[in-house]
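Have a look at the structure below, then the notes.
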Amino acid sequence: MTASPSRPHSHAAFARARALIPGGVNSPARAFGGVGGEPIFFERAEGQWLTDIDGLQYLDYIGSWGPMILGHRHPRVVAAIERALSRGTSYGAPTEGESHLAELIIAAVPSIEKVRMVSSGTEATMSAVRLARGFTGRHGIVKFAGNYHGHVDALLVATGSSAATLGVPDSPGVTPGATRDTILLDYNATAHLEALFAARGDEIAAVILEPVVGNMGLVVPSPDFLAAARRLTEKHGALLVFDEVMTGFRLAYGGAQEILGVTPDLTTLGKIVGGGLPLGAYGGRREIMDNVLPAGKVFQAGTLSGNPLAVAAGTATLEELRDHSPYPLLERHGARLESGFRAAATAAGVPVSVARRGSMMTMFFQQGEGWPVVDWPTACRSDTKAYGRFFWGMIDQGIYLPCSQYEALFISAAHTDADIDATVAAAHAALAGM
Ligand code: KE4
């Protein structure tokens, strides 16, 4: 099933966009490459609902790839943006709102004593890597296959084998020089991480990882993996960087680090922290952050960093999350959706493995050899075509899931018990038809 027959306006819009914008989209994740067919164009959203340009409505389980934890157009967020808008849009000068948002972030995230705001998650991770290298005077950056940290040259490296390998550029235009100092391991490969540090610990500036992975589908860390990363970086004078662009304020108000009990040296944030407007951030211990220009010498800058509208949206979102914690509700919804999807797959005789943390979940279409999914090699064993059939089966019932097997779905605080029940019923129908 593709978008065009039942969505003529999206079909026409996509044809127009393709002539103007590479692939017709401003981010490849939206292109439906992982599920086939044409992307659907949307024109409005409210709460847990999306409306496309053909007037069709969908329960939204992408939430703009994470930011919309409160649902779309939350009244408190809309009002905050409108108040900020009435005073202007961008000054290129400091505002007190930025300090207020900084105070909220510092109060929430265990590892952050000082924070710098930027305009995207990519800017946050790029800046954190530069800062780690500037602070330690070292070059080596360790990353993990299946962990995505935005389109930073040094972190755009192929998913390598489970042994420590020198990063190989993953995209034309990323030069060998850009990834020469990038070391790639498999996620949860604790023994390999220990061996790497034993051999090259004094070369390593930082280890960067998703403390709960969303970008190969949902993969949780094994208990010893994060503990080893924390112990080894401490022992060898490297920094531990948690990329919480996706998990920050998502898994808990203090992010994954609050629930996992491991405190990194630096944390990167994005998505929810901007409340759906362009805002990212990176922060950590004062002694590290005070190396960032103009306090220190590590360069980083941005015309729209700390933009007043984005700061207003982020501040309202964090205050709402702090004042009315949605996390128990999100956990209840997640548990019901997980058990419902498992039951639907069992009833249909479709082999799947389901991974979930809070309101982030992935149903991998595979079982047996690759089960459970613990790293990129096991995630790669998924039947992406089967996922594509499931995706379209759900779309045809008005359920908008991530358009890739290698993404996590997101439940919002706007979703209701009835929405979860309807989604499970749709999964039964979609899987039965596979
Ligand atoms: P942005 O530059 O897209 O704001 O953030 C990059 C980024 C960094 N770190 C993590 C853990 C992330 O998940 C992301 C971005 N996530 C993808 C979805 N998996 C964004 C969707 C897209 O690229 O359009």
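Just follow the structure's listing: the first ligand is 1, and inside any ligand the first atom is 1.
Taking atom 10 (C) of ligand 1 as the reference point, the nearest protein heavy-atom neighbour is Y148 O, 3.3 Å. Looking only at protein heavy atoms, the nearest one to atom 5 (O) of ligand 1 is G121 CA, 3.4 Å. Among protein heavy atoms, atom 9 (N) of ligand 1 sits closest to D243 OD2, 2.7 Å. The nearest heavy-atom contact from the protein to atom 21 (C) of ligand 1 is W65 CG, 3.7 Å. The closest protein non-hydrogen atom to atom 13 (O) of ligand 1 is N215 ND2, 2.9 Å. The single protein non-hydrogen atom nearest to atom 24 (O) of ligand 1 is S27 OG, 2.6 Å, given as residue, atom name and distance.
Proximity of a side-chain donor or acceptor of N147 to a complementary backbone N or O of E210 within less than 3.5 Å is detected.
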Item checked: Audit row: Q366, D383, side chain to side chain donor-acceptor pair (under 3.5 Å) steps and yes/no -> CA-CA 6 Å; Q366 59 158 296; D383 181 346; over 6 Å; no

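A salt bridge is absent between R44 and D52; no separation between the charged side-chain nitrogens and carboxylate oxygens falls under 4.0 Å. The existence of a salt bridge linking E331 and R357 is excluded, since no basic side-chain nitrogen approaches an acidic carboxylate oxygen closer than 4.0 Å. A salt bridge between R73 and E46 is present, with a side-chain N of the basic residue lying under 4.0 Å from a carboxylate O of the acidic one.
Side-chain N/O atoms of Y282 and Q300 include a donor and acceptor closer than 3.5 Å. A donor atom on one side chain and an acceptor atom on the other are found under 3.5 Å apart for H11 and E38. A donor and an acceptor atom, one from each side chain of T247 and E244, are located under 3.5 Å apart.
With ligand atoms numbered from 1 in the order given, ligand 1 contributes 11 (C) to contacts under 4.0 Å with heavy atoms of E210. In the vicinity of G150, heavy-atom distances shorter than 4.0 Å reach the ligand 1 atoms 6 (C), 7 (C), 8 (C). Close contacts between ligand 1 and M246 involve ligand atoms 13 (O), 19 (N) [criterion: under 4.0 Å to a heavy atom]. Interface atoms of ligand 1 facing E407, defined by a heavy-atom separation under 4.0 Å, are 18 (C), 19 (N). Under a 4.0 Å criterion applied to the non-hydrogen atoms of T122, ligand 1 contributes the atoms 1 (P), 2 (O), 5 (O), 6 (C).
In K271, the part holding a heavy atom less than 4.0 Å from any atom of ligand 1 is the side chain.
Per-atom contact check: atom 3 (O) of ligand 1 does not touch the protein, criterion being a heavy-atom distance below 4.0 Å.
Ring geometry, F197 versus H236: the interplanar angle falls from 30° to 60°, so the pair is classed tilted.
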